[in-house]
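Scope of the values below: all heavy atoms of this structure, side chains included, with no hydrogens, waters or symmetry mates. The chains referred to below are lettered A, B, ... by the order of the sequence lines, with proteins before strands, and numbering in each begins at 1. Model, not experiment: these values are computed from the prediction.
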Amino acid sequence: MKLHRIMALIFRHLYLYRRSLPRIMEIFYWPFLDLVIWGFITLYLARYQPQVPGFVTFFLGALILWDILFRAQQGITITFLEELWARNLMNLFASPLKPSEFLAATMAMSVLKVVAVSIVMGICALVFYSYNVLVIGLWLGPFVLNLVITGWIIGVFTTSLIMRFGQEAEVLAWSMVFLFQPISCVFYPIEVLPAWLQGVAWVNPAAHIFEGMRVVLTTGQAPLSHLAWSVGLNGLLLIAVVGWFYRTMAYCKDQGLLVRVGE
Amino acid sequence: MSSIASPVLKVSQLTKRFGNFTAVDGVSFEMRPGEILGLLGPNGAGKTTTIQMLLGLVTPTSGSIEVFGLDLLMHREAILQQVNFSSTYISMPQSLTVEENLWVVARLYGLSDIAQQIDNVVCKLEMKEFRQKVTRKLSSGQMTRLGLAKAILTKPRILFLDEPTASLDPDVAYMIRALLKDEQRSSGLSILYTSHNMREMEEMSDRIIFLQRGRLVAEGTAQAIVDRFGQTDLEEVFLKLARESTVSLSS
Ligand SMILES: Nc1ncnc2c1ncn2[C@@H]1O[C@H](COP(=O)(O)OP(=O)(O)OP(=O)(O)O)[C@@H](O)[C@H]1O
């Protein structure tokens, strides 16, 4: 991998944001609205359900962590879509740029978006609801890292589907992640799922993180087994999904789809 | 230009099938250093598919592509570092300015002294008055010049040009042809060139290869091809072959 090629792509996308208010808004708008709506619902429920401990902490913490996963996924998929919309894929893939460098650049963009969103949401939660996301403590770091990687996995998977099926599959960029939300157990413990769905949820690395978060908040114990599962699953799934991306790319080159994907 | 120098591009039995349809059918040709090779053929003859295979964007079904003596599939990165292309049908990111787009390309190819290189290319292609403009606001002729600027900025040894003068007014088209000739002479650039403008083809190309329904049906200098088909100029050869294609397709 060559750093200058990865940097070239990062600069290309930063130039894009430099002069585009709608794009900047897009990053902050939904997380902000989510926080406002869920924040008020949480306050309301907390007033009438005092027996559920740490209500606000549960929900707002979960919401912020979920948005981190969501932005990480979007960072990958939207970066690809920007190239598709600009009909720039041919310029990129006829250059020495390697698919791995392309993925690395989208991952870097994803991290930049996650950092921006986390800061904004963290500050808003503090200002509006006196909620400090740092109550999750030291574990916040590994939680966020794992959620970012899960976001990448969903992002690379979605990107491959869009590359394969073209612009008609574009809607997946926004909808795919929500397919994972019920089995990520963001706002409820995994035990509320029907037994068969629990089996599915346990192979979702994000579910382990949200379970882990609840363990920390309710018992204060170290969620080591959940973290270990999440790291293991993330590692495996990331390798699988990158392999799938390469296969899709080879298929698209074979079918002449790579140059037509934006058409 | 030396005819004994080893070819910069060697294509052997190149074939591309999409399902049952054969878009390129056993095409073989060579391009020598500093040569301008015209790629001619009616619509659907397989020119774009050929160029896309040469750029590694489409995988051949069979056959081989050697660039600078290296196999394209095995040495993609090293080869594409020294190759570039421009096509009237491909745009650059619309929301970036002309200058930003050129910076991105320069970084992508790892150029040094980027500002100076961009100044040179902007000057060569007379792009000063729109270098700070957002690409979306360019006229189609200015867009074509940007495409060419990105292609020559990286100092390629081979350039693939798909109808590079299609949307240019005669004055700018003349300037572009002169520039390409100049690059060919000064830096030994080899160019594979498609155009539907037969006069331009005759003027620009050292040699021409003619594709028809995916097959290479003629190869040589413009004059040799005209003589071989017993016509008065390249346009007539083109019409003859294009009509043959249409007749055989409809039958
Ligand atoms: N991805 C693809 N899938 C199926 N068929 C394809 C694909 N790409 C090209 N073709 C077919 O291959 C043939 C050659 O197409 P190509 O674009 O290479 O022609 P061309 O010589 O560049 O034509 P033009 O002058 O119109 O640009 C056409 O019949 C086209 O429909």
Side-chain angles (χ1 to χ4, degrees), chain A residues 1-24 78-102 104-105 163 246-263, chain B residues 16-19 21 23-24 46 48-49 51-61 73 75-87 89-97 99-112 114 134-136 146-147 150-151 154 156 160 162:
Chain A
M1 278 208 241
K2 289 266 164 54
L3 187 63
H4 66 82
R5 295 201 283 256
I6 298 171
M7 290 308 290
L9 269 193
I10 294 173
F11 271 106
R12 177 253 187 278
H13 286 278
L14 291 180
Y15 283 144
L16 205 57
Y17 283 89
R18 184 154 90 175
R19 155 170 355 96
S20 175
L21 192 60
R23 282 189 176 87
I24 295 172
I78 302 288
T79 305
F80 175 79
L81 278 177
E82 290 283 7
E83 302 300 3
L84 188 143
W85 292 327
R87 298 165 63 92
N88 195 37
L89 287 169
M90 184 162 168
N91 288 321
L92 296 182
F93 290 119
S95 81
L97 184 77
K98 292 181 186 168
S100 55
E101 292 161 347
F102 177 78
M163 192 155 74
Y246 271 82
R247 273 194 68 160
T248 307
M249 192 133 185
Y251 176 83
C252 290
K253 280 187 178 184
D254 183 57
Q255 299 293 312
L257 297 175
L258 196 60
V259 276
R260 288 170 188 249
V261 69
E263 290 170 9
Chain B
K16 182 65 201 176
R17 277 188 218 102
F18 295 109
F21 178 75
V24 177
T48 304
T49 308
I51 290 186
Q52 285 167 352
M53 285 192 279
L54 299 180
L55 286 166
L57 293 164
V58 170
T59 314
T61 307
L73 290 179
H75 300 91
R76 181 188 166 278
E77 186 191 343
I79 289 171
L80 292 180
Q81 180 68 40
Q82 302 184 66
V83 169
N84 214 319
F85 80 101
S86 167
S87 164
Y89 308 106
I90 297 296
S91 62
M92 303 282 288
Q94 302 284 305
S95 306
L96 271 60
T97 64
E99 176 136 10
E100 285 167 348
N101 265 318
L102 293 175
W103 269 90
V104 171
V105 172
R107 285 198 177 101
L108 198 56
Y109 285 78
L111 302 190
S112 51
I114 297 178
V134 174
T135 304
R136 184 183 304 111
L146 171 59
K150 85 104 193 169
T154 63
F160 297 118
D162 202 358

Handout entry: Separation between CG of A:L258 and OG1 of B:T59, rounded to the nearest 0.5 Å
Key = 9.0 Å
Fill in the blank from the handout: Given B:Q81, B:E100, B:M53, B:K150, the one with more heavy-atom pairs under 4.5 angstrom with chain A than any other is B:E100
Problem - Test item: B:R76 side-chain N/O and A:S95 main-chain N/O as donor-acceptor pair under 3.5 Å - result: yes
Problem - Any donor-acceptor pair under 3.5 Å from A:R12 side chain to B:V105 backbone - result: no
Problem - Interface moiety of B:Q52 toward chain A, non-hydrogen atoms closer than 4.5 Å - result: side chain
Problem - Close side-chain approach of A:R23 to B:S95, heavy-atom, < 4.5 Å - result: yes
Problem - Donor-acceptor pair, side chain of B:K16 and main chain of A:D254, under 3.5 angstrom - result: yes
Problem - Side-chain donor/acceptor of A:N91 to backbone N/O of B:S91, under 3.5 Å - result: yes
Problem - Which portion of B:Y109 sits near chain A, non-hydrogen atoms under 4.5 angstrom - result: both
Practice task
With sequence neighbours left out, write down each residue that passes salt bridge (charged side-chain N to carboxylate O under 4.0 Å, His left out) with A:E101, or none if nothing qualifies.
Solution key: A:R5
Exercise for the section: Specify the closest pair of heavy atoms between B:P93 and A:A86, including all atoms of both residues, with the distance to one decimal. Expected result: CA-CB, 3.9 Å
Completion exercise
If one checks every heavy atom of B:T97 against chain A at 4.5 Å, the contacting part turns out to be both
Practice task
Check whether any side-chain heavy atom of B:L57 sits under 4.5 Å from a side-chain heavy atom of A:L89, and report yes or no.
Solution key: no
Handout entry: Residue pair B:L80 / A:F93: nearest heavy atoms and the distance that separates them
Key = CD1-O, 4.2 Å
Handout entry: Minimal non-hydrogen separation, A:A8 against B:L108, with atom names
Key = CB-N, 3.4 Å
Practice task
Mind ranking A:R19, A:K98, A:K2 by heavy-atom pairs under 4.5 Å with chain B and telling me who comes out on top?
Solution key: A:R19
